[in-house]
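First up is the structure itself, then whatever we jot down about it.
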Number of protein chains: 2
Amino acid sequence: MANPPTIKEIAEKLKLAKSTVSRALHDHPSIGLRTRMKVQELARALNYEPNQTAIHFQQKKTFTIGIVLPELSEAFFSAAISGIEDAANQNNYMVLLGQSHDDAAREKKIVEIMKNHRVDGLIVSLAKNTGDYAHFEALEKFNIPVVFFDRIPDKKDIHYVACNMESGTLQAVSHLLEKGHRVIGMINGPEQLVATPQREAGFKQALQKKRLKFDASLIVNSDLTREGTRAAMQQLLANKRKATAIVAFNDYVAQDAVQYALEQGIKVNKELTFVSYANLPLSSYMAFPPVASVEQYPYEQGYKATEILISLLGNKNEQDFQHIIIDSRLVVR
Amino acid sequence: MANPPTIKEIAEKLKLAKSTVSRALHDHPSIGLRTRMKVQELARALNYEPNQTAIHFQQKKTFTIGIVLPELSEAFFSAAISGIEDAANQNNYMVLLGQSHDDAAREKKIVEIMKNHRVDGLIVSLAKNTGDYAHFEALEKFNIPVVFFDRIPDKKDIHYVACNMESGTLQAVSHLLEKGHRVIGMINGPEQLVATPQREAGFKQALQKKRLKFDASLIVNSDLTREGTRAAMQQLLANKRKATAIVAFNDYVAQDAVQYALEQGIKVNKELTFVSYANLPLSSYMAFPPVASVEQYPYEQGYKATEILISLLGNKNEQDFQHIIIDSRLVVR
DNA sequence: CTGTTAGCGCATTCAC
DNA sequence: GTGAATGCGCTAACAG
């Protein structure tokens with residue numbers, strides 16, 4: 001209940017100067033062994049803990065990084081945040097959280113509040129509808145670096161970490177081809193997402209490697225809603241070439257597609273095999289999980305993004321824009 | 001790139017005292033309209049933002065609340081955190097995050113770091129194996145209130161929000177009875193969890209209401225792992241009284257149980273109906289979701305816990321321990 | 001209505 | 001090796 005002990009208090013009790021105590025606490029070489037011991041001993045006895053708010057104020061540094069992302073209830077992001085937290089904690093940083101809930105206006109507000117809160121830097125995964133990056137650019141003036149991950153802005157002068165879906169898709173389709181599938185369908189995502197063309201490219205590349213020709217009617221798009229996916233499935237099943245395997249945009253899409261297929265009396269993963277992206281815990285709870293998943297490494301993305309941010313905080317004069325692209329990879333169950 | 005503007009700067013440019021500027025910025029009534037306008041105008045022009053770290057230091061208050069919970073990848077907690085965040089933001093608080101990953105040692109460390117970081121208060125859901133609450137009790141000395149939710153300590157002198165599973169279970173079993181089921185099984189959880197006896201009590205109560213007698217062999221326990229649940233199912237299916245409905249401890253358990261039943265050739269939700277707890281997004285992605293779920297209101301728990309915490313921060317002299325118990329409730333799909 | 005002064009806790013520069 | 005003095009940016013108590 002009494003106020004927490006301060007350096008001043010220790011100094012008075014020991015009849016020393018505050019500065020001496022401060023130095024002793026920091027193991028400053030110029031302090032004699034005897035006094036250093038005395039000081040540290042008393043500090044321990046009093047349960048002295050430096051007042052971080054004072055340090056933050058004085059050092060103009062809060063050892064706090066802000067993290068802005070769309071939605072923690074998406075497994076991808078809750079995995080990513082663990083990577084962020086781990087990397088931050090290992091470097092003695094704390095993590096301030098803000099969910100945009102995929103609302104650009106809310107994202108902007110969060111960024112501003114975090115700026116005022118004087119976070120040292122920001123880790124960001126954009127809201128779906130963020131088109132204007134002015135609120136991020138404004139941070140430059142305040143020397144608050146930003147590292148984006150996964151959902152990154154469409155511009156070049158930024159730091160980011162992302163996952164390339166092309167390699168994983170190539171592996172997924174190749175895997176299906178090796179299993180003997182010759183007609184493979186794909187439920188792809190909205191055109192705006194960078195990941196969509198990447199998936200298509202990987203798909204085509206796998207066919208090309210086997211000298212098979214690409215049939216555009218076997219790629220359909222979903223807006224990622226349940227309805228969109230069901231419509232996509234309907235289209236795919238109505239196609240004159242009957243697919244024996246389907247690459248779904250992610251596990252959520254896969255699950256909707258599987259459900260639709262089951263309703264149509266299709267024997268899932270027998271008559272129609274599914275492959276998906278994400279490999280999230282979700283898939284282990286599916287009744288008919290995809291036979292293989294393309295891993296996007298959310299934890300690693302978060303971890304690396306944070307490492308970059310912290311290195312940026314170290315040498316403020318770093319000019320180059322860092323970008324790490326992680327290759328996605330197929331994981332067979 | 002230049003340092004952010006300060007009150008001092010504004011004061012000098014306007015040939016006023018710092019305190020005048022400070023008051024003008026805060027719309028203090030004693031400041032003349034003319035000067036107030038002048039100050040606010042210049043502040044806007046300079047993009048002045050108060051330095052929060054200075055305010056935190058000076059006010060001995062950071063407007064930050066720490067949140068310590070086991071695991072964000074559990075849907076329950078990621079929902080809860082949104083409630084916490086919303087309540088916090090509405091009251092101009094920020095949220096500092098720490099996951100214990102169900103490790104008591106890590107939890108303890110997080111609490112200490114947050115204490116040093118001078119959070120104003122803490123929202124906590126305990127790690128599974130936390131048995132020692134000393135690190136929380138230590139916070140009292142520093143006047144840092146703690147509000148627990150869902151996974152709460154087994155002691156009385158605390159603030160908490162929790163959900164009583166008894167009412168929901170009563171509703172769930174009654175629902176099944178009304179649908180004509182006469183032999184109902186339950187997969188309950190580990191004995192240590194407070195929620196386990198609550199479920200059993202609700203179960204018995206529903207039977208009693210219908211003047212049906214309770215058969216202990218129809219309640220089996222799972223340790224919540226997949227294997228534990230499968231063993232429980234095996235036991236239940238081997239019982240001489242064949243259940244036509246099962247109440248599963250949560251959606252994860254339900255899914256494992258459903259999978260096992262399917263493997264045994266049982267027509268799920270036809271021959272064997274499932275009811276579960278949580279009603280998490282997970283269940284909407286199951287191929288055979290439970291026909292009804294007992295809602296535990298994670299968002300509301302987080303929200304209310306935060307409201308309590310913030311009220312505690314308002315009147316520090318509040319002595320009474322607040323506890324809110326939310327009744328669980330059945331949601332039929 | 002406005003100015004002056006002090007102090008929050010700490011690290012740091014400059015003396016001795 | 002140690003002490004004294006300064007200032008980070010802000011609010012608030014006290015004067016006028």
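All values reported here derive from a predicted model rather than from experimental measurement. Lettering of chains follows the sequences in order, A, B, ..., and the numbering in each one begins at 1.
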>> Just to verify, what does A/Lys60 make a side chain to side chain contact (heavy atoms under 4.5 Å, CB included) with, not counting sequence neighbours?
In response: none
>> I'd like to check the side-chain hydrogen bond (donor to acceptor under 3.5 Å, both in side chains) partners of B/Glu107; sequence neighbours left out, ordered by chain and number.
In response: B/Thr130, B/His135
>> Test of understanding: with side-chain hydrogen bond (donor to acceptor under 3.5 Å, both in side chains), list the residues that count as partners of A/Ser19, not counting sequence neighbours.
In response: A/Arg23
>> So, OP1 or OP2 of D/dG1: does either fall under 4.0 Å of a side-chain N or O from A/Ser30?
In response: no
> With a 4.0 Å cut-off, would you call B/Asp102 and B/Arg151 a salt bridge?
Replying inline: yes
> Across the strands shown, which category fits A/Lys15 at heavy-atom distances under 4.0 angstrom: base, sugar-phosphate, nothing?
Replying inline: sugar-phosphate
> Counting any heavy atom closer than 4.0 Å, what does A/Thr35 reach on the DNA or RNA strands: base, sugar-phosphate only, or nothing?
Replying inline: sugar-phosphate
> If you measure from OG on B/Ser73 to OH on A/Tyr299, what distance do you get to the nearest 0.5 Å?
Replying inline: 12.0 Å
> Once you round to the nearest 0.5 Å, how far does CG of A/Asp150 lie from CG of A/Leu126?
Replying inline: 10.0 Å
Distance, rounded to the nearest Å, where [X] contributes [atom1] and [N] contributes [atom2]:
{"X": "A/Leu25", "N": "C/dC10", "atom1": "CG", "atom2": "P", "result": "9 Å"}
{"X": "A/Leu14", "N": "D/dG3", "atom1": "CG", "atom2": "P", "result": "10 Å"}
{"X": "A/Leu16", "N": "D/dA4", "atom1": "CG", "atom2": "C1'", "result": "14 Å"}
{"X": "A/His28", "N": "C/dC10", "atom1": "NE2", "atom2": "C1'", "result": "15 Å"}
{"X": "A/Ile10", "N": "C/dA11", "atom1": "CD1", "atom2": "P", "result": "11 Å"}
{"X": "A/Gln52", "N": "C/dC10", "atom1": "CD", "atom2": "P", "result": "10 Å"}
{"X": "B/Asp27", "N": "C/dC1", "atom1": "CG", "atom2": "P", "result": "14 Å"}

> Among pairs that include at least one residue of residues 41-61 of chain A, which meet ring pair (Phe, Tyr, Trp, His ring centres under 6.0 Å), considering only residues two or more places apart or in two chains?
Replying inline: A/His56-B/His117, A/Phe57-B/Phe57
Restricting to nitrogen or oxygen on both sides, can you table the protein-nucleotides 8-11 of chain D pairs closer than 3.5 Å?
from   : atom 1 : to      : atom 2 : distance (Å)
D/dC8  : O3'    : A/Lys60 : NZ     : 2.9
D/dG9  : OP1    : A/Lys60 : NZ     : 3.0
D/dC10 : OP1    : B/Tyr48 : OH     : 2.5
D/dC10 : OP1    : B/Asn51 : N      : 3.3
D/dC10 : OP2    : B/Ile7  : N      : 2.6
D/dC10 : N4     : B/Lys18 : NZ     : 2.7
D/dT11 : OP1    : B/His26 : NE2    : 2.7
D/dT11 : OP2    : B/Ser22 : OG     : 2.8
D/dT11 : O4'    : B/Gln58 : NE2    : 2.6

> Ignoring hydrogens and geometry, is there a side-chain-to-backbone donor-acceptor pair from B/Gln301 to B/Gln296 under 3.5 Å?
Replying inline: yes
>> Looking at A/Tyr133 and A/Asp154, would you say the former's side chain and the latter's main chain have a donor-acceptor pair under 3.5 Å?
In response: yes
> Between the axis at one end of the helix from C/dC1-D/dG16 to C/dC16-D/dG1 and the axis at the other (five pairs apiece), what's the angle to 10 degrees?
Replying inline: 50°
